[in-house]
Amino acid sequence: MLLKIWKLIEKRNSVVFPYLVVLSLFFAVLESATYEGFVAKSLLIDARVFWFLMLLSGILIIFSLPQDRLTKSFKDPMINLVLRGNALAFPVIVFLYWILVYSEAKHYPNYVFSTYHIQPAIFLNVLILSLYLVMIFAISRLDWKKLKKLRGNIIGRLPLIKKDRLLKFILVFLSLVFLLAYFISQIRVTFAAVFDSDIYMLTHLQANYDDKMRAQWNFYSDYMKFINENTADGSVIVAPPQENPWLTEGNSGLDRYFVYPKYIVKGTYDNLPDTNFDYVMIAHGTWLTKDETRYDWPKVYVPAEKILYFDPRTREITEIFKDFDPKDPANKNAWGLIKVDKNKINKK
Amino acid sequence: MIILHFFSVIVGISAVVFLGFLVVDTLVQESHFIEKIVLGYILGLGILTLALFVGNIFGIPFELLPSSIILLALILISLIINLIVRRSQARKKESIGFSLKEDFINLTGYERIILLAILFLFLSSLALSLYWPIRAWDALVLYDYRAKTFVATGFMTDGIQRGYFFGYPLMTSLAHTWVYLLGGSNPLFLYSLMYISFTIAFYFSCLRFMNRTPALIASFLLATYRAYFSHSLTAYTNLPYTVYLVLGFTYLVVWVAEKKQNLSVILPALLIGISTWVRYVEPFWYTGIAIVLIYSIARRRFLPIIYYLFFSLIAQLPWDFFQQAFTSRRLPQEALVRATGLIINNFNLTRVFQVSQFTFNAAIKPWLLILLAMFLVFALALKLHRHATFPMVLIIVINLGLLTAGAYIASLSIKNWANISESVERLAMFYPALIIFYIFSTIFYKNFPLFSKHETARRVK
């Protein structure tokens, strides 16, 4: 009974396979031009379902191999058409993917999507699906005797399979399908990251330490470098509290890395600490907050020997000799450093 | 100057590998030369950092000369023990040497493609780790920061006084310190080497159960796991922890399956013990004790459990006692008793369901497919009485239980426990390696002629 069902599945699979191929590739291209999950939202079926079915169908095609022995062509002309067509298109897909990743690395993140409306990371799905079909095509082109031996090895000589051949074969088959599906999902993500990273590196070989830190931390790393270079050895620097919008610059654990061996102490939202300190950070705030009044710190008057303003756009430093007044318009949206006048603070 | 520092780092790391190589050569008599090299790197780094830590407690500063003397002393001791063991009657089996023909030239076409893909990943990881500086959040806040203080002051005092020092043990920080002392400016490559060594060591542990082709495929699957590759470029403790834990468990399964000698339990004991030197809070090291205990009782041989406890606790206790001196943290044994009591006193079915759901979504969902595959393979193995790799199922199931129990305890003590899903996902990243090992070693167990017509499993003479 099981064997009859199996034969029926094999027959129907030969018909269904070409349509699954076309649909899967189409959905992969569609999602790379829109966004991941577009198909699920539009059709209420995730594109990955089709990819998984194509994976399953392709494995069944290898096992059943409805071929003509001499010509090695599939009896169904549709299967021949999709596999041969894909084999022709595969180098084009590889080349296109290379161009997308290279362009992205050469310009800036999201450049390709904003210019050509294609997402390289999702386009990799097209490449992987196409590669999978190329592998099926390659296996189908093997010598008939070798192919029969390969099938025999899998079905006939599995050490696990002695009696109840079909049931055990199905269990092994399903576990290998799950493994393969997982494998392909990991390959897609990992190789996308590898290609992106490698090409970024190759197109930015001249980047120095500051450039690389900026790639991760944006303005924050430049700001902390400014703080470190403009504070004396052994000094104590007051940082804003670790609250919105100063969740990064208020993280004293993070700040201390950039200024070690200098000391970081934390202020509160509307006050400075009671302990002795030499400098106070001026921080507008890098995190978004709905309450606009929270931006800009410190919120209190600080007697100062001088104030150094750090322009976030030009990275230029301006030196002013006056006390820090939070109500001064110059301190709105400002970044910088206050060198505290300890005499005035002690008098107060 | 840069070239001098470069060679200094090469020599320093090679010395660490040599130390580990001697230890592995002593413990695992029949192993491939390359296996000893990669395990040597993994073990050597753990042993050296532990020794530097203990030395510093006794007043030896973190400086190049004293640290080098410690390393040389360790190498000398390992060499002497190795020579003694080599000459003893117990050393009957020969190790498998490196052979270009056997190991590379005789590969089939499929195997070459897989190997090339793996090598591509290795080279990418290494190149990227040399390119990018240490820049990940936790690495700057703690791991690399501590290394900076050690290099600047030679001791731990300054770091302790500045606060947030005891979050995690010092293994990775001291590994960074070693690189900085050698004149290196960027220790990120250590993690890439860890990833490479992990994949290769995993391959050799697979080879004990299956032929070359499935072992290569399993290793490729491991190497392409997203988290392992990305963590090879991130100076966090998750990858080293995974490496020590996974290899510890796989060599434990080898010990059980091949009914190894008592002394062969020392390698997994050291590996799992050192995992607690990387990350301290996680309870998965208890699983190793459970497995060794079960099989020691079953085989009525009690020396293995004694060896196991001794060698795993050697790696764990120094940090335990050091922490006790400075913080209010409990010893793991006390913590276990307290945790058990906490679960029993606060047992609530609704919470169990919530926590299980959270654990499933945060930790298990990313690798659900292979977990399903594992259950299918397990059912098949049960039917066919193929139990050689059953210990790995026990390990995975016990660890899943510990993970859920740990999440349950966290839900009782941490207010926003449901927001830490990313941390839980990183914590659980060792499971896929164990599952892949189990699936492949069960399906392709012993002499399965799927692809390779040249390979007959190389056995010890």
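Hydrogens, waters and symmetry mates are skipped; everything else that's a heavy atom, side chains included, is used. Per chain, numbering begins at 1; letters A, B, ... match sequence-line order. None of these values were measured; they are calculated from a predicted model.
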Practice problem: Can you label the angle between the A:F178 ring and the A:F52 ring as parallel, tilted or perpendicular, going by 30° and 60°? | Solution: parallel
Check this for me, if you would: do A:K225 and A:D222 make a salt bridge, where the nitrogen-to-carboxylate-oxygen distance has to be below 4.0 angstrom?
no
Contacting region of [X] [heavy-atom separation from chain A under 4.5 Å]:
X      : answer
B:S125 : neither
B:I435 : neither
B:Y228 : neither
B:F440 : side chain
B:L233 : neither

- request: Quick one: list whatever passes side-chain hydrogen bond (donor to acceptor under 3.5 Å, both in side chains) with A:S185, sequence neighbours left out.
  value: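 Counting only residues at least two positions away or on another chain, A:S185 forms no side-chain hydrogen bond (donor to acceptor under 3.5 Å, both in side chains).
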From the list A:V189, A:V194, A:T248, the residue making the most non-hydrogen contacts under 4.5 Å with chain B is A:V194
Note: vs chain B, highest number of non-hydrogen pairs under 4.5 angstrom among A:F191, A:Y260, A:F258 is A:Y260
Name the option with the most non-hydrogen atom pairs under 4.5 Å to chain A; the candidates are [options].
options                        : value
B:F229, B:W137, B:F120         : B:W137
B:N186, B:L376, B:D138         : B:L376
B:V141, B:I134, B:L368, B:L140 : B:L140

key: side-chain hydrogen bond (donor to acceptor under 3.5 Å, both in side chains) between B:T172 and B:T237, intermediate numbers included   = CA-CA 7 Å; B:T172 53; B:T237 50; over 6 Å; no
Next item on the list: Report the distance from atom CD1 of B:I217 to atom SG of B:C206, rounding to the nearest 0.5 Å.
Entry: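 The distance works out to 11.0 Å.
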Closest non-hydrogen contact found for A:L127 with A:F90 is O-CE1, 4.0 Å
Of all heavy-atom pairs linking B:Y236 and B:A136, the shortest is CE1-CB, 3.4 Å
Check: [X] side chain, [Y] main-chain N or O, donor-acceptor pair, under 3.5 Å:
X      : Y      : value
A:K212 : B:Y131 : yes
B:T389 : B:Y438 : no
A:K262 : A:T231 : yes
B:S192 : B:L188 : no

Between B:H176 and B:Y191, is the ring centre distance below 6.0 Å?
->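 So the answer is yes for these two rings.
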Checking heavy-atom separations under 4.5 Å from chain A, one finds in residues 154-164 of chain B B:D158, B:R162, B:G163, B:Y164
So, the part of A:D255 with a heavy atom under 4.5 Å from chain B: the answer is neither
Fill in: Contacting region of A:A193 [heavy-atom separation from chain B under 4.5 Å]
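When you check distances to chain B, no heavy atom of A:A193 falls under 4.5 Å.
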